[in-house]
Every structure is written in C-alpha cells, then in structure tokens.
Amino acid sequence: MSCLPLPKLVTKKLEALCRSFLWTGKGEITRKSPVAWDNVCGPKSNGGLDVINLGVWNKACLTKLLWKLTSKEESLWVQWVHRYYIKNEDVMQVQVKENGSWILRSIFNLRPQVTQMEHWKKLNERGGFKMKNLYLEFLEKHPKVEWRVLMRKNCARPRAVFTMWLACNKRLATKTRLQKFGVQTDLKETKTIWEQMLIWLNMKHKVQGWEQELSWVTKVCRSRNWRSNIVKVAIAETIYEIWKNRNDRVFPHQYKENNIAQRIIELIVNRIWVYPKYRNRVAQMLV
C-alpha cells in the first residue's frame, strides 16, 4: 500500500473480511454490520474505533509519494521519475501519457484533491510530512461525540469497552429495543444494579433514562481525577454484564443465578488494582 494503488475491488474484499470478523469472529463474509464501516474507521473522538480505512490509507501513502516527487527527495525512484517523466516541468502540472506508468497516473490524479487540503498547504510552508494528519483529513468527516471521554484510556475489559461503544452508538440490543419487538424484559433490574454501583462509588445521583445517564456520566468523566477513571470502568463493565446476563436469560445459554453488582465490583477492582496510584482509593472503597 505504500507504493502501489490497490484496486477498489481488493480493498473492498479486505474490508469485508475485517468487517465480518469484527461482528461475527469468523472469516466468512457476512452482511451483518450494526455500525457502518466508515463510522467504525472514524476516530474515537467522532464515535469510531480508529480502525484503519484501507482505501483512505492507500490514498495517504500515494500522496506521500507525490510529496517526495515535489520535494525531490534523494532516492533512485524520484530521480528516475524526474528524468523520464517530469523532465524539469512542475510536478503539480505535468501530464502523464495514457500509455505511461499506471502508478504515476494514480499518484498524479490525487493532485486536485490534495492541493485543497490544509496539511498539504502546511507542507509547502514548513515541510515535515505526517501520514496521520493527512490520513485523518482524507477520512469522511463526522461530528465529535460528547461521550468520547468514556472511550479515552478506559481500563475496562476490551469486550466491555466495545459493548459500551455499541450502546453509545445506539446499536446494542438493549432491553428497551427488545420490548419494541415484543420480547418481555425487566427494565427495573438495570436501574437497581446501576444504583448499587453508584452507592459503592459513593456518588449521590438519581438514576434516570439511558440518555440522561450517558450525559451525566460523560460530565463526570470529563475531569481527570481518580474517581472519573473508576467511573469509566464502572459504566463499561456494568453495561456489558447486564447485557450478557440478559442474553443468558433470553437466549438458550447456560444461565447461572449470581449477584451481578458484586461481580461488577470484583471486575472493577481487578482492572484498577494493576495501577498502583489507584490502590489506596480502591481499598478505601472496599472497606
């Protein structure tokens, strides 16, 4: 990808395999996709997962080759292209013949787009090519989400963070959504468990609906103190355990009756205890 323009059919097939593995854990291509792939590839600040978008990354790589030609970098390939194709002309204006290199045609076809990009303009002023900045500028733009703070440096289990991300994107099969399809579930249980978690966290707050709770937790976690980091773990682990427990009851899984709140507390302690700076705080909470 750093030197060849990949055909769109290839990138689509690769992304289809990645998408299927993300949602099903298998290599067989499936249409199951609760969240659009472009959103999955977006930055976490915009509600994505920072998964590399192969097509966009390939364009960023080709743009880097264009910059090397423009800056006349000391390399054999750059010198060869200048001698046989550019021939003392302006790199941003020269035309490649139809029977010329298809790689160069793909690179030069990016010129109208990159000349309008902020990072390219800064390159001409200060130099210093940064693939990350260019890649992010190529990505499809999405508005920033308020709950992005919950995803940042969350110490919860990856599966719990992923489940919380689905819930924040309103793509998790929650009890409210199941009731719309006629599946009867107990909504009071979710409220009770979260109330128990707030008591353990020593936080006075009246539990409301999902949107209100997400907004409240987001405000709490904007600060960078020890409690906000524990709340991040608590909300992620609580969402996952309640969702898993509901699945075990509704679907034909092996269900075992247990104290969900106590299990969540144990999970939080196990995840936080590996960080020495939080141990005293967690020990006080346990007492």
Side-chain angles (χ1 to χ4, degrees), residues 1-2 6 8 10-61 119 130-174 177 210-211 213-215 217-222 224 228-244 246-247 267-268 271-272 274-275:
M1 294 182 67
S2 62
L6 295 185
K8 290 184 178 181
V10 174
T11 55
K12 286 184 178 180
K13 182 66 177 292
L14 290 172
E15 288 181 345
L17 290 168
C18 295
R19 183 175 63 248
S20 298
F21 181 77
L22 176 66
W23 298 116
T24 66
K26 300 177 181 179
E28 294 82 6
I29 295 178
T30 175
R31 293 183 179 274
K32 182 181 180 181
S33 183
V35 180
W37 189 248
D38 285 340
N39 293 342
V40 173
C41 295
K44 290 183 179 179
S45 59
N46 299 99
L49 289 177
D50 275 335
V51 176
I52 293 293
N53 185 309
L54 299 180
V56 175
W57 185 258
N58 194 204
K59 287 174 67 175
C61 291
H119 185 60
K130 293 184 179 180
M131 284 281 290
K132 180 180 178 181
N133 294 346
L134 194 68
Y135 169 76
L136 292 176
E137 199 167 351
F138 268 125
L139 277 177
E140 182 181 346
K141 299 297 184 290
H142 295 282
K144 289 189 176 182
V145 293
E146 293 293 330
W147 47 266
R148 61 184 181 275
V149 295
L150 303 180
M151 300 291 294
R152 188 184 304 130
K153 296 181 180 180
N154 195 321
C155 304
R157 292 172 296 171
R159 67 181 69 180
V161 176
F162 182 77
T163 304
M164 179 185 68
W165 173 77
L166 282 174
C168 292
N169 275 293
K170 300 179 181 180
R171 289 295 182 270
L172 188 65
T174 59
R177 291 183 67 190
W210 165 247
E211 294 293 341
E213 287 306 298
L214 181 60
S215 177
V217 172
T218 299
K219 291 179 181 178
V220 171
C221 294
R222 281 175 183 166
R224 299 185 178 182
S228 66
N229 289 320
I230 295 179
V231 171
K232 284 183 190 179
V233 180
I235 186 66
E237 294 293 352
T238 300
I239 291 173
Y240 177 75
E241 286 300 317
I242 291 175
W243 176 77
K244 183 176 181 299
R246 188 269 301 162
N247 280 349
L267 289 167
I268 295 171
R271 300 299 297 183
I272 293 293
V274 297
Y275 300 93

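We number each residue from 1, following the sequence as shown.
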> Between the main-chain N or O of Glu211 and the side-chain N or O of Ser215, is there a donor-acceptor pair closer than 3.5 Å?
Replying inline: no
> What ring-ring contact (aromatic ring centres under 6.0 Å, His included) pairs are there with at least one residue in residues 28-55, not counting sequence neighbours?
Replying inline: none
>> Taking salt bridge (Lys or Arg N to Asp or Glu O under 4.0 Å) as the cut-off, I'd like each qualifying pair that reaches into residues 140-151, sequence neighbours left out, listed once.
In response: Glu146-Arg222
> Sub-3.5 Å donor-acceptor pair from the side chain of Glu237 to the main-chain atoms of Arg157, do we have one?
Replying inline: yes
> Side chains of Cys61 and Met131: closer than 4.5 Å at any heavy-atom pair?
Replying inline: yes
> Would you find a donor on one side and an acceptor on the other, under 3.5 Å apart, between the side chain of Glu137 and the backbone of His119?
Replying inline: yes
>> Under a 3.5 Å distance rule, please check whether Tyr135 uses its side chain to pair with a backbone N or O of Asn53 as donor and acceptor.
In response: yes
> side chain to side chain contact (heavy atoms under 4.5 Å, CB included) with Lys26: which residues, sequence neighbours excluded?
Replying inline: Thr24, Glu28
>> Among residues at least two apart in sequence or on other chains, which ones pass ring-ring contact (aromatic ring centres under 6.0 Å, His included) with Trp23?
In response: Phe162
> Is Thr11 reaching over with its side chain to a backbone N or O of Lys8, donor-acceptor style, under 3.5 angstrom?
Replying inline: yes
> Do side-chain atoms of Arg171 reach the backbone of Pro34 as a donor and acceptor pair under 3.5 angstrom?
Replying inline: yes
> Under the side chain to side chain donor-acceptor pair (under 3.5 Å) test, which residues partner Ser228, sequence neighbours left out?
Replying inline: Asn225
>> Restricting to side chain to side chain contact (heavy atoms under 4.5 Å, CB included), what partner residues turn up for Asn154, sequence neighbours left out?
In response: Ala156, Val161, Met164, Lys232, Val233, Ala236
>> Can you tell me how far apart CG (Leu22) and CG (Leu49) are? Round to the nearest 0.5 Å.
In response: 7.0 Å
> Which of these, Val40, Leu172, Leu150, sits in a side-chain contact (heavy atoms from CB on, under 4.5 Å) with Trp165?
Replying inline: Val40
